[in-house]
Amino acid sequence: MPELATASSADGTAARWCVIGRDARGGWGAVELAPDGARSAAVSIALDRLADFVEQRERAASLRWVWHDTARQYAPLLAAGVRVERCHDLRLCHQILRHAGSVGEPAQLRGAPEWNAPPEAATAPVAPPADAPPTLFDVVAEPRRSRGVPDGLAEALDEFDRQRSALASAREPGRLGLLLAAESAGALIAAELSAAGVPWDVDEHDRVLSEALGPRPAPDAKPARMLEVGAMVRRELGSPDVPLDSPPRLLRVLRAAGIEVDSTSQWELAQHEHPAIAPLLHYKKLARLLTANGWAWLDEWVRDGRYRPLYVPGGVVTGRWASSGGGALQIPRQLRPALRADPGWTLVSADVAQLEPRVLAAMAGDRAMTEAGAGKDLYAGIVESGAVATRQEAKLAMLGAMYGATTGESGRLVPRLRRAYPAAMDLVDEAAAEGARGGWVSTWLGRSTQPPGQEWEHVQSSASMPDATGRDEAAARRAARDRGRFTRNFVVQGTAAEWALCWIADLRQRLAAFAPVEVSQAARASGPIFSRRPHLAFFLHDEVIVHAPVAHAVAVAADVRESARAAGLLLFGDSAVEFPLDLRIAERAAKE
DNA sequence: GGTGAAAGCGCG
DNA sequence: AAAGCGCGCTTTCACC
């Protein structure tokens, strides 16, 4: 699996790194590093020759590009039709190494604050005009730190040295190195996903909207169906002007009508009997659809038959991706029919069945839980083992175990899992205890939590002062429990994110190996790199969608499964834990 | 008039 | 007033 190898690649060839960045004269510079540390002389590249240079070197040698920020560096290359196989993203890797508890000598890295930049959206923030007079706020506040990271070649070389030293000092450099490679591969994939886009059927989307809301209304007008349903709510409440879109005011009206709710959220409304409730819930559904994914969203985010959200790799503390713009993390199931392959192509969709519990079973080496998930639905396996009575109970108990539920039905079921799967439960319980103590925990590959903030420490120390009140002590216990739930979930969610990165990184390489097909007119919307081969089109935590020529669909599906197997092997070796997929090949493509 | 918090709800 | 983790986005409303 060459993609994820670091120090040397698994295909037997010595890995070489090519570090690139801006040179002192404003052009580009490149320096190649051999595994033994030998450096080539710096090569200068004219501004407009960078894409050519990268393509040439990529073809000539097995390289890992080292650059400051994939989000900024790779998008222009993709636009120029250049794909790269591997990279090392200095910004993302810095974030991981800086906080990794297993790094023995982090001091040098932590002494390079300019690389400690938070993930940012692909669109650069608008800088204030340089000639604007400083406001009072500017004078009082700390100097504004640059939001980006240095993009110079010299800085990149220095930072790469620091990162290699830090990695070498880690307790398990192999694992942490794998994480750095996986994270960087994820950054490449995120850029490629935005470039390729999700094939999106605007007519189907419009049909879903019209069916629910009525025809598209004039700008600033409410759709017909919303007006009708709103009128029903008003009639049932006996009030001509119910403020449907303002929760605080709606709450007052509901209480005046005798509906004793404390909020206007749907789960609470659903618990009351009143003729106004059904239409009100209906109205809220419609309003949500309209504002979140209505015609305005369609106009803004879908162009040329492609939905192009922005992904933020490493944007979540656990290592999951975040998104910024386009709402890729929250496409409602209702709109899934709008994901539609181009003519002659199809969508291969897969999601992992119960990824997080399976990851937990593998981490903990829990044989009973592994057995419960072998060859079948994990929750069904838990029921078979006799721990709980129904699949629903198994799911509720498992989520409660991983999230730290203490009350309600979920909390009530957790002790049964503790008896049936002590190894798995010990692992999450220990992670929670460590977090509650103020300590740090790590994922399987070594992504660590940051230490608790000053506020948290302050609450804890206040509670141990001689004059601490009962209230102080309660607040400290609550904060400790809160952090414990976070660290409990961190180890599982974060390791699941690592598994998923390995899965899609492996799959990406397999897809790139497909023989190219003739380009169809529609497929060109994916851009020069993606219109001739199967390519990733969507990724969300534990599911993936591949856009593929129909002729390749079955082979792609096999690769998706094979990559899942490879990810399990890469992370957990010969652990018996299986990662079964729910996999579908879409039947309908767009009309010719 | 712009900003930020909170409510509410969509996703895993 | 969600119980129980992690997010983003839209809207309203209080405030400067």
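Please read these numbers as outputs of a predicted model, since none were measured by experiment.
- One atom, CG of A:Asn293, and another, C1' of B:dC11, lie 11 Å apart when rounded to the nearest Å.
- Taking atom CG of residue A:Leu339 and atom C1' of nucleotide B:dC11, one finds them 14 Å apart after rounding to whole Å.
- For B:dG10, its base never sits under 3.5 Å from the side chain of A:Arg333 at any donor and acceptor pair.
- Candidate nucleotides C:dA2, B:dG12, B:dG10 were compared by shortest atom distance to the side chain of A:Gln266, and B:dG10 ranks first.
- Among the nucleotides B:dG12, C:dC7, B:dC9, the one closest to any side-chain atom of A:Val316 is C:dC7.
- Because its NZ or CZ atom is not both nearer than 6.0 Å to the ring centre of A:Trp301 and within 45° of the ring axis, A:Arg308 does not count as a cation-pi partner of that residue.
- Note on A:Lys285: a side-chain N or O is less than 4.0 Å away from OP1 or OP2 of B:dG10.
- Comparing A:Ser265 and A:Ala328 along DNA chain C, the residue whose closest nucleotide (by nearest heavy atom) sits nearer the 5' end is A:Ser265.
- Of the residues in residues 397-425 of chain A, those lying under 4.0 Å from DNA chain C by heavy-atom distance are A:Tyr403, A:Gly404, A:Ala405, A:Thr406, A:Thr407, A:Ser410.
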Anything under 3.5 Å between a donor and an acceptor, one on a side chain of residues 208-224 of chain A, the other on a protein residue two or more places apart or in another chain? List them.
| from | atom 1 | to | atom 2 | distance (Å) |
| --- | --- | --- | --- | --- |
| A:Ser210 | OG | A:Asp206 | O | 2.9 |
| A:Glu211 | OE1 | A:Arg207 | NH1 | 2.8 |
| A:Arg216 | NH2 | A:Asp299 | OD2 | 2.7 |
| A:Lys222 | NZ | A:Asp245 | OD2 | 2.9 |
| A:Lys222 | NZ | A:Tyr283 | OH | 2.7 |

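- Judged by a 6.0 Å distance limit and a 45° cone about the ring axis, A:Arg483 is positioned over the six-membered ring of A:Trp456.
- Checking the phosphate oxygens (OP1, OP2) of C:dC9, no side-chain nitrogen or oxygen of A:Thr291 falls inside 4.0 Å.
- In this structure, A:Leu396 reaches the bases: a heavy-atom distance under 4.0 Å links it to at least one base atom across the strands shown.
- In this view, A:Glu192 and A:Tyr74, A:Arg508 satisfy the side chain to side chain donor-acceptor pair (under 3.5 Å) rule, not counting sequence neighbours.
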Could you go through nucleotides 1-5 of chain B and list every protein N or O atom that sits under 3.5 Å from one of its N or O atoms, giving the distance for each pair?
none

Under 3.5 Å, which donor-acceptor pairs do the side chains of residues 473-480 of chain A form with other protein atoms, sequence neighbours left out?
none

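- Taking only side-chain nitrogens and oxygens, A:Gln271 never comes nearer than 4.0 Å to OP1 or OP2 of C:dA2.
- Contact record, A:Ala100 with A:Leu176: CB-CD2, 4.2 Å, taken as the closest heavy-atom pair.
- Less than 4.0 Å separates DNA chain C from no heavy atom of any residue of residues 216-227 of chain A.
- Under 4.0 angstrom from either OP1 or OP2 of B:dG8 there lies no side-chain N or O belonging to A:Lys284.
- The CH2 atom of A:Trp297 sits 16 Å away from the P atom of B:dG10 (whole-angstrom rounding).
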- prompt: Given the rule in the ring-ring contact (aromatic ring centres under 6.0 Å, His included) test, do A:Tyr311 and A:Trp321 qualify, once you have shown the distances and angles that lead to the verdict?
  reply: CA-CA 7 Å; A:Tyr311 299 91; A:Trp321 292 6; 5.5 Å; yes
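- Going from atom CG of A:Leu540 over to atom C1' of B:dG10 covers 11 Å, rounded to whole Å.
- For A:Trp440 and A:Phe490, the gap between ring centers reaches or exceeds 6.0 Å.
- A:Asp351 comes within 4.0 angstrom of no nucleic acid atom, judged by non-hydrogen atoms across all strands.
- Note on A:Glu543: only backbone sugar-phosphate atoms sit closer than 4.0 angstrom, heavy atoms only; bases stay farther off.
- Between B:dG10 and A:Arg288, no contact under 4.0 Å exists linking OP1 or OP2 to a side-chain N or O.
- For A:Pro332, counting side-chain heavy atoms from C-beta on, the closest listed nucleotide (B:dG12, B:dC11, C:dC5) is B:dC11.
- For the C1' atom pair drawn from B:dG12 and C:dG4, the interatomic distance equals 14 Å after rounding to whole Å.
- In this structure, NZ of A:Lys395 is placed 19 Å from P of C:dA3, rounded to the nearest angstrom.
- Remark: C1' of B:dC11 and CG of A:Asp542 are 11 Å apart, rounded to the nearest angstrom.
- For the pair A:Phe538 and A:Leu347, the minimum side-chain heavy-atom distance is 4.5 Å or more.
- Remark: the separation of the P atoms in B:dA6 and C:dA1 is 14 Å, to the nearest Å.
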Listed pairs under 3.5 Å, donor-acceptor, residues 413-427 of chain A side chains, sequence neighbours left out:
| from | atom 1 | to | atom 2 | distance (Å) |
| --- | --- | --- | --- | --- |
| A:Arg416 | NH1 | A:Ala387 | O | 3.3 |
| A:Arg418 | NE | A:Asp429 | OD2 | 3.0 |
| A:Arg418 | NH2 | A:Asp429 | OD1 | 3.1 |
| A:Arg418 | NH2 | A:Asp429 | OD2 | 3.0 |
| A:Tyr421 | OH | A:Ser385 | OG | 3.2 |

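- Residues passing the side chain to side chain donor-acceptor pair (under 3.5 Å) test with A:Arg485 are A:Asp482, sequence neighbours excluded.
- Closest to the side chain of A:Thr264, from the set B:dG8, C:dA1, C:dC5, is B:dG8.
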Report, one pair per line, the protein and nucleotides 13-16 of chain C atoms (nitrogen or oxygen only) whose separation is under 3.5 Å.
| from | atom 1 | to | atom 2 | distance (Å) |
| --- | --- | --- | --- | --- |
| C:dC13 | OP1 | A:Ser246 | OG | 2.2 |

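- Counting only Watson-Crick and G-U wobble pairs whose two key distances fall under 3.5 Å, DNA chain C forms stems of three or more stacked pairs at B:1-12 with C:5-16.
- As a whole-Å value, the separation of A:Leu355 CG from B:dC11 C1' is 15 Å.
- Between A:Thr495 and A:Thr443, the side chains place no donor N or O within less than 3.5 Å of an acceptor N or O (distance only, hydrogens not considered).
- Among the protein residues, A:Gly315 comes within range of no part of the nucleic acid, since none of its heavy atoms lies under 4.0 Å from any strand.
- Looking only at side-chain heavy atoms (C-beta outward), A:Tyr379 and A:Gln354 come within less than 4.5 Å of each other.
- Partners of A:Asp89 by side chain to side chain donor-acceptor pair (under 3.5 Å), not counting sequence neighbours, listed by chain and number: A:Thr70.
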Which pairs would a plain distance check flag for residues 246-256 of chain A, meaning a side-chain donor or acceptor within less than 3.5 Å of a matching protein atom at least two apart in sequence or in another chain?
| from | atom 1 | to | atom 2 | distance (Å) |
| --- | --- | --- | --- | --- |
| A:Arg255 | NH1 | A:Val261 | O | 2.6 |
| A:Arg255 | NH1 | A:Asp262 | OD1 | 3.3 |

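- Contact annotation: the side chain of A:Leu507 approaches that of A:Val546 to within less than 4.5 Å [non-hydrogen atoms, C-beta and beyond].
- Shown here for A:Ile545 and A:Ser349, the closest heavy-atom pair between the two residues is CG1-OG, 3.8 Å.
- Separation of the A:Trp503 and A:Phe579 ring centroids does not fall under the 6.0 Å cut-off.
- Taking atom CD on A:Gln330 and atom P on B:dC9, their separation rounds to 14 Å, with Å as the unit.
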